[in-house]
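Worksheet for the structure shown next.
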2 protein chains.
Amino acid sequence: MVRPTLKKQIPNLQEVIKETAWKQIAQVGAPALSLRAIARELKITAPAIYNYFPDRDALVTALIMDAYRSFGDWQFEGRDSAPLGEHAKRLKGIGVAYRNWAHEYPQRYQLIFGTPIPGYVYPAETVFPASSHAITPLFSVVEEIRLAEKLIIKSFKPVKKEYEPHFEMWRTSMGSLHPQTHFVAMLIWSRVHGIVSLELQGNIPLFGEDGHALFLAQVQSMISEFIKE
Amino acid sequence: MVRPTLKKQIPNLQEVIKETAWKQIAQVGAPALSLRAIARELKITAPAIYNYFPDRDALVTALIMDAYRSFGDWQFEGRDSAPLGEHAKRLKGIGVAYRNWAHEYPQRYQLIFGTPIPGYVYPAETVFPASSHAITPLFSVVEEIRLAEKLIIKSFKPVKKEYEPHFEMWRTSMGSLHPQTHFVAMLIWSRVHGIVSLELQGNIPLFGEDGHALFLAQVQSMISEFIKE
DNA sequence: TAATTTAATAAACACTGTATATTTACACTG
DNA sequence: CAGTGTAAATATACAGTGTTTATTAAATTA
């Protein structure tokens, strides 16, 4: 018997393969992800996976894009937990959602921000729609603040000309993206990413009663540094 | 012929293996590091490497420790480019050295801060002496500032009790480590790490004439946030 | 009903890290 | 100087990996 009857086929196998991949990534980490191990768990043979993904890298890319979408969704929810105009609360909402997602799915975070799979090269263009979704909430709130004339900017410097093409990609994707908004958003993102990634690696002690004190101090300091009043 | 005569042996093979590993990491990235590829390049067989490293993970650990030492050395030099008492310049010196090292050796940076090798588990205790060397310059400067009563601290929260053991490890290694110094140093480190790691992955546009503007703004903002006058 | 497409398996290839046994150059001891 | 022991390499083998090719049989379409 080579091809099983429809009744014995796994329905929606493409999704099931991804779910199994996530399960294994959670267990053994992204770098040790194995197509054959996925196949074993699903009781199919490894080449069967090639009917759904042209190679292992394509599977990884699909996982990354799904992760970005979920990551972005959490941040949109975090932002909208406070109404328009509540700049500080909306910004904090994004930061907290960002951190919560990373702590809920540490392997997904490292899949996105590490280079975890041997030989895998990040297909920036393919992933861009999903990755821009995950940065959009931050961009949008900083832009809200700027339009309300509440954005504090010290020492802004414009973008280098050589980098304009990549910058253009962002701008078209966002509709528009003011350079100052971009500048401040990058400062904020880097601070949140820095503390979250060090936390995930166990490099940061758990300050405060619930272990969140350092992160909250980071967020609070950004609010007073970048938002007027 | 099984064992070559002394004249044909590669002298200092342990070091040569590490150098070859670094060369290959620079070419194909840390996750794709291969003992057999190293052996091929050195014209020996793969099991010969086991005379110098018990397994692949031990080689990786040795590489990480060497990287940490070099990383720390650069930061010590950066700190000491300004004399004692010049708090802002010493802090900036560390930040710039941190970034320069990361841009000079991006793969080493990702080897340290990523989880790049399949199945590799970071041996925290073994690596600790080397990794603490790399954070010591920052700790020392923040402590200098605190002792000079120029350290600005808002919203400090003490370390959680459960985390005391790890904290104790740091404290004994450093001689002593004031909690407030630890708190502020972690905030600073996370901001520098965040921006540097996003830069290395190509997520940050190159602001300013030379592309350093965002990083310098980050450093400048830390100086005015944490140092009095 | 016949032809075609599709979804799987089977087998094989070139890799990988690593364990075991073997060989031989070198160092030490009587 | 002879003999022994150790050290540093090779040879071989095993289980695992991603991937390619050929084959089979179920499902779909003409």
Side-chain angles (χ1 to χ4, degrees), chain A residues 1-18 20-21 24-25 27-64 111 115-123, chain B residues 1-18 20-21 24-25 27-64 111 115-123:
Chain A
M1 175 208 342
V2 170
R3 178 182 182 163
T5 66
L6 252 187
K7 294 173 188 174
K8 292 203 170 188
Q9 277 185 42
I10 300 170
N12 209 2
L13 188 46
Q14 176 142 7
E15 279 304 314
V16 175
I17 289 170
K18 287 199 287 187
T20 310
Q24 297 198 359
I25 285 175
Q27 285 166 6
V28 300
L33 181 64
S34 154
L35 292 187
R36 293 184 113 115
I38 294 170
R40 262 196 306 277
E41 184 160 340
L42 294 177
K43 290 177 180 167
I44 58 176
T45 61
I49 296 176
Y50 286 73
N51 286 317
Y52 302 93
F53 301 97
D55 53 21
R56 191 203 45 171
D57 286 7
L59 169 58
V60 171
T61 299
L63 295 176
I64 288 177
L111 186 66
T115 53
I117 274 80
Y120 180 78
V121 282
Y122 198 87
Chain B
M1 174 207 349
V2 170
R3 178 181 182 166
T5 66
L6 254 186
K7 294 173 186 173
K8 291 204 167 184
Q9 278 185 38
I10 300 170
N12 208 2
L13 187 47
Q14 176 142 7
E15 277 306 312
V16 175
I17 289 170
K18 287 199 287 187
T20 310
Q24 296 197 0
I25 285 175
Q27 286 166 5
V28 299
L33 181 64
S34 154
L35 291 187
R36 292 184 112 114
I38 293 171
R40 263 196 305 276
E41 183 160 340
L42 294 177
K43 290 177 180 165
I44 58 178
T45 61
I49 296 176
Y50 285 74
N51 288 316
Y52 302 93
F53 300 96
D55 53 21
R56 190 204 45 171
D57 286 7
L59 169 60
V60 171
T61 299
L63 295 176
I64 288 177
L111 186 66
T115 51
I117 274 78
Y120 179 77
V121 282
Y122 198 87

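Letters A, B, ... mirror the listed sequences (proteins, then strands); counts begin at 1. Computed from a prediction, not measured in an experiment: that's the story for all the values here.
Going from atom CG of B/Asn51 over to atom P of C/dA25 covers 17 Å, rounded to whole Å. In this entry the distance linking OH of B/Tyr52 with P of D/dA8 reads 6 Å, nearest Å. Atom CD1 in A/Ile44 sits about 12 Å away from atom P in C/dA10, given to the nearest Å. The distance from atom CD1 of B/Ile38 to atom P of C/dC15 is 17 Å, rounded to the nearest whole Å. Regarding B/Ile10, its CD1 atom lies at a distance of 8 Å from the P atom of D/dA9, rounded to whole Å. Put simply, CG on A/Leu42 is 15 Å from C1' on C/dA7, counting in whole angstrom units. Rounded to a whole Å, the NZ atom of B/Lys43 is 17 Å from the C1' atom of D/dT10. In this entry the distance linking CD of A/Gln14 with P of C/dA7 reads 11 Å, nearest Å.
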Identify each atom pair where a protein N or O and an N or O of nucleotides 17-21 of chain D are less than 3.5 Å apart, giving names and distance.
unit_1 : atom_1 : unit_2  : atom_2 : d
D/dT17 : OP1    : A/Ser34 : OG     : 3.1
D/dT17 : OP1    : A/Arg40 : NH2    : 3.2
D/dT17 : OP2    : A/Arg40 : NH1    : 3.2
D/dG18 : OP1    : A/Leu35 : N      : 2.5
D/dG18 : OP2    : A/Leu35 : N      : 3.2
D/dG18 : OP2    : A/Arg36 : N      : 3.0
D/dG18 : N7     : A/Arg36 : NH1    : 2.4
D/dG18 : O6     : A/Arg36 : NH1    : 2.7
D/dT19 : OP2    : A/Tyr50 : OH     : 2.7
D/dT19 : OP2    : A/Arg56 : N      : 2.8
D/dT19 : O5'    : A/Tyr50 : OH     : 2.9

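B/Thr20 meets the side chain to side chain donor-acceptor pair (under 3.5 Å) test with no other residue; sequence neighbours excluded. Listed by chain and residue number, A/Tyr120 satisfy the side chain to side chain donor-acceptor pair (under 3.5 Å) test with A/Thr61 (two or more places apart in sequence, or in another chain). Residues passing the side chain to side chain donor-acceptor pair (under 3.5 Å) test with A/Glu15, sequence neighbours excluded: A/Lys18.
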Without placing hydrogens or testing angles, list every side-chain donor-acceptor pair under 3.5 Å for residues 42-57 of chain B, not counting sequence neighbours.
unit_1  : atom_1 : unit_2   : atom_2 : d
B/Asn51 : ND2    : B/Ala48  : O      : 3.4
B/Asp55 : OD1    : B/Asp57  : N      : 3.4
B/Asp55 : OD1    : B/Ala58  : N      : 3.0
B/Arg56 : NH2    : B/Pro118 : O      : 2.9

Output, in order, the C-alpha distance, side-chain angles, deciding distance and verdict of side chain to side chain contact (heavy atoms under 4.5 Å, CB included) for A/Ile25 and A/Leu63. CA-CA 10 Å; A/Ile25 285 175; A/Leu63 295 176; 3.8 Å; yes
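Smallest separation of non-hydrogen atoms from B/Ala21 and B/Ile38: CB-CD1, 3.9 Å.
A/Phe53 comes within contact range of no nucleotide atom at all, as no heavy-atom separation falls under 4.0 Å.
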